[in-house]
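Just so we're on the same page: letters track the sequence lines, and every chain starts at 1.
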Amino acid sequence: MLIPVFLASSAVGAITAILALLISVTDKVVNNYGEVTIDINQGKRQLKVKGGAPLLFSLAEVGIYVPSACGGRGSCGACKVKVTSDVGPHLPTELPYMNKEETQENVRLSCQIKLKKDITIQIPESLFNIKRYTGTVEKIRNVTHDIKEVYIRLDEPKEIDFLAGQYVQLMVPPYDKIKEPTERAYSMSSRPSDRNHVELLVRLVPGGIVTTYVHTRMKEGEKVTVTGPFGEFHVRETGATMLCVAGGSGMAPFKSILYDMVEKGKTDREVWYFFGARTKKDLFYLEELQQLETQWPSFHFIAALSEPQPEDDWKGETGLITQVLEKYLTTQIDRSKPMEGYLCGSPGMLDACIAVMKKFQVPPDKIYFDKFA
Amino acid sequence: MSPQIAPLSLFFASIFTSNILLANFLGMCSFISISKDYTSSNGLGLAVTVVLTITGVVNWAVLHYILYPLGLYYLRFIVFIIVIAAVVQILEMVIDRLSPALYMTLGIFLPLITVNCAILGAVLFIEIRNYTLGQSAIFSLGSGLGWWLAIASLAAIRKKVDKAPVPAGLKGPGITLITIGFMAMAFIGFSGMLQVQ
């Protein structure tokens, strides 16, 4: 009885093994593209890498980190790179993330392009500054019921050079059903002068891979990997009135920006900071920011609750943050001076704020934000 | 016992009178969907021909040298499919390397050759009809070419039909199926001349 079973399974097994061997041999032979040269910014840098892998990963191997919030799965559209040599038409996986100009200029998702031959690309110079850091979680603190402040000491390299407002990507190891390390983008709330630390504010997103990890598993003393700095969100040195609007963990870049301005003595600039939350338990850093108001006369902090509870005993502004912004733009803010918008929050909040700012003649190209989605 | 049949007759029969698509109606899904475009039809036709020829021969060898001697005849379906899947996998890598454009146009239909009924169907014909190795090779090559001929002709006809004043309700799959019906009649019309069993 046992012999036929054994015979059958070993015969099928042997056939499968031979075929698998054949496939892997073909893979080795066919997918061997040899050494490929990546030419960056017209000869600024010439890299020799092994062909066959996606451009994003090949660049990361040699220390150039193109932003990627999804880790190369083609679902965030962040890893755009302008390709100036021929790599074939856009793939169906790229098209949803491209607008018309980008398609014409041959902007591509670097995670979707397989390196098969020499390639020339153009990337912003700032990407050369991006490094991958290993660090240790020094402190985790609850700032609200669903936002944690994570303070990370950088071990290797030890120092980071960034502009207040930029973000890093935090990588967490595989856990439970998540089989691969996962990266997500978080704005740094630490000051640029604190060069060997980064601080992140992580709000628990139901079902979020990284936020769930940070909220339920991350321990002080744990080793983590962060990559950065990324992003075009930083203060423009113009002297215009700054209209800052944030909600929830969107507090992070403004904490960094405001303390950075104080440190650098740029307190002659007028800054209005609107912070929106649902109820009082979603508010944080109130004391610190009120403290800042006393030492910086032209800084104004306005917190608003959209659903104040009776027990909150809230005496401040109420309503959606856009309504509060509109109210202040109508009554308090001197609109004869030039104004700039700085936004950080959910995509819905961003769109609503942009609409209000446009209504009050803030030029659309002077409204700054980073959209992570 | 292997049937006595002249190699040339078998070859032409498998292309024309016993066309795998239009006389046996195997491999219809990709036939209908890919035939929208003439270039991809040719590409897929070539791919199916290559896969069919290789798997026909390999599966004959597996059947005669492994499954029959070991008394594992009942495992034939699973083994045939494994062999087909592996050959398709290899072909996929080769096409991706040699012609990325063809790889793109074939898209999902390339891996789906694995489950193309024409391929397993031809292999099972080889088994039922007890072909010799030589006959299997001729038959599978012929069937592949027949499949290619059918899809290429349908694609060419559809190119014409696209410009024809087809009634709105029949546009697309409707008129395509009618076209296929006429093609099948024409192919089956030859069946009196040659028959393979």
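- Using a 4.5 Å cut-off between heavy atoms, A/Leu7 touches chain B through backbone and side chain atoms alike.
- Around CG of B/Leu170, the count of heavy atoms belonging to other residues, nucleotides or ligands within 6.0 Å exceeds 12.
- Ranked by heavy-atom pairs under 4.5 Å with chain A, the first of B/Leu75, B/Val83, B/Ile90, B/Val62 is B/Ile90.
- A/Pro4 and B/Tyr74 make their closest contact through O-OH, 4.4 Å (heavy atoms, listed as atom of the first residue, atom of the second, distance).
- Considering only heavy atoms from C-beta on, B/Met93 stays 4.5 Å or farther from A/Val29 through its side chain.
- The environment of CZ in B/Phe182 is sparse: at most 12 heavy-atom neighbours from other residues, nucleotides or ligands sit within 6.0 Å.
- Counting heavy-atom neighbours within 6.0 Å of B/Lys171 NZ, excluding the residue itself, gives a total above 12.
- Atom OG1 of A/Thr26 sits about 10.5 Å away from atom CG of B/Leu91, to the nearest 0.5 Å.
- When heavy atoms are compared at a cutoff of 4.5 Å, B/Val79 approaches chain A solely by way of its side chain, counted from C-beta outward.
- Residue A/Glu180 places its CD atom among 12 or fewer non-hydrogen atoms of other residues, nucleotides or ligands, all under 6.0 Å distant.
- Contacts of A/Val12 with chain B are made by side-chain atoms alone, with heavy-atom separations under 4.5 Å and no backbone atom involved.
- In this structure, CD1 in A/Ile15 is found 4.0 Å from CD1 in B/Ile66, a value given to the nearest 0.5 Å.
- The residue among B/Leu72, B/Val87, B/Leu67 with the most heavy atom pairs within less than 4.5 Å of chain A is B/Leu72.
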